*Asks:* 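Input: one structure, supplied below.
As the structure lists them, so they are numbered: ligands from 1, and atoms in each ligand from 1. Keep in mind it's a predicted model, so treat the numbers as computed, not measured.
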Amino acid sequence: MRQKIAAGNWKMHKTLDEGVDLAKQINDFVNQQGAGDAKVILAPPFIHLTEVLKVVDNPNISVSAQNCAYEQEGAFTGEVSADMIRSTGATYTIIGHSERRSIYKEDDETLQKKVDIALDNGLRPIFCVGETLEERDAGKQSQVVKNQLSKGLFHLDKNVFEQVVIAYEPVWAIGTGKHATPEQAEEMHKFIRDQVKEQYGDEIADNTSILYGGSIKPSNAETLFSQPDVDGGLVGGASLKPEDFTEIIKAL
Ligand code: PGA
């Protein structure tokens, strides 16, 4: 059975104290109420990782970075390596978020290197794919996502691919308050699973967690998560408010 996941991407929000406080509140909630069979992942800024890990003691919570460098080490001022991230105790990293693709111009080749280096250093990638509004309006969403998957992930061997989590995040739904309808999400998630099936077979496809991301809120989480191929969410804005994020965990 594939893992259900509620992941919170904090982006560039929260000071260290605020972040530790948020992590504590989520940890307390999961300690008290459990998370059912879901995994909770917290993705704070790099410099919060160590302190967040100190306050997380529930085995159902994992900690993730939001990005990693594509080189192992060296003279890359301002970068943080996968090895450094892993050394904090974090076990995941988001790769290819649309903000990295669009604002920081990370292309498919760069993202493939990041996927490889993350996996080589024991980090599980949460690999993001998704189309822009223009691409959807032109009916190109499937082609765009297929391309992102094949360039970023499908070079991996079967046994390595099993470590990957996929997040479908339509760019037009991120931070806009406009989420995909459950039908739009399901259609794309099924398409993604079919691509994985074609590449790696039924068993791996069935076991791959595919998260939806883009304006998830307590009010829409349940219907999105009830779709058969939606295995959870990558949550931005609503993951910053403990009362909202815990509702989203409950909805899973
Ligand atoms: P949002 O962000 O929930 O604020 O739309 C989602 C994401 O970018 O991961």
*Asks:* Evaluate T176 for polar contact with ligand 1, using N/O atom pairs at a separation under 3.5 Å.
*Replies:*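 In this structure, T176 places no N or O atom under 3.5 Å from an N or O of ligand 1.
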
*Asks:* Considering heavy atoms of the protein only, find what lies nearest to atom 7 (C) of ligand 1 and give residue, atom and distance to 0.1 Å.
*Replies:*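 Result: E169 OE2, 3.2 Å.
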
*Asks:* Taking the side chain from T110 and the backbone from E106, do they hold a donor-acceptor pair closer than 3.5 Å?
*Replies:* no

*Asks:* Taking the side chain as every heavy atom from C-beta outward, state whether T132 and D137 have any atom pair closer than 4.5 Å.
*Replies:*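 No, side chains not in contact.
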
*Asks:* Do I174 and E99 come close enough that some side-chain heavy atom pair is under 4.5 Å?
*Replies:* yes

*Asks:* Taking side chain as C-beta onward, heavy atoms only, is Y70 less than 4.5 Å from L111?
*Replies:* no

*Asks:* Give a yes/no verdict on whether any heavy atom in G214 is under 4.0 Å from an atom of ligand 1.
*Replies:*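 Distance cut 4.0 Å: G214 passes for ligand 1.
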
*Asks:* Under a 4.0 angstrom heavy-atom cut-off, which atoms of ligand 1 come close to N9?
*Replies:*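 So the answer, numbered in order with elements, is 9 (O).
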
*Asks:* Taking only heavy atoms of A173, which atoms of ligand 1 are found under 4.0 Å from at least one of them?
*Replies:* 5 (O)

*Asks:* Considering non-hydrogen atoms of the protein only, which is the closest contact for atom 4 (O) of ligand 1, and what is the distance?
*Replies:*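 Heavy-atom neighbour on the protein nearest atom 4 (O) of ligand 1: G237 N, 2.8 Å.
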
*Asks:* Can you find a heavy atom in the side chain of V55 that is under 4.5 Å from one in the side chain of N27?
*Replies:* no

*Asks:* Strictly distance-based, threshold 3.5 Å: is any side-chain N or O of E131 a donor or acceptor partner for the main-chain N or O of V145?
*Replies:* no

*Asks:* Backbone or side chain, does any N or O of G175 fall under 3.5 Å from an N or O of ligand 1?
*Replies:* yes

*Asks:* Would you call I166 and R193 a side-chain contact if the rule is heavy atoms closer than 4.5 Å?
*Replies:* no

*Asks:* Would you mind listing which atoms of ligand 1 come within a distance below 4.0 Å of any non-hydrogen atom of H97?
*Replies:* 7 (C), 8 (O), 9 (O)

*Asks:* Check each atom of ligand 1 against the heavy atoms of K11 and keep those under 4.0 Å away; list them by number with element.
*Replies:* 2 (O), 7 (C), 8 (O)

*Asks:* Which ligand 1 atoms are under 4.0 Å away from a heavy-atom of I174?
*Replies:*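 Numbered from 1, ligand 1 contributes 2 (O), 5 (O), 8 (O).
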
*Asks:* Please check: side-chain N/O of D244 versus main-chain N/O of P218, any donor-acceptor pairing under 3.5 Å?
*Replies:*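 Absent.
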
*Asks:* Quick one: nearest non-hydrogen protein atom to atom 3 (O) of ligand 1, plus distance?
*Replies:*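 Protein heavy atom with the smallest distance to atom 3 (O) of ligand 1: G236 N, 2.9 Å.
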
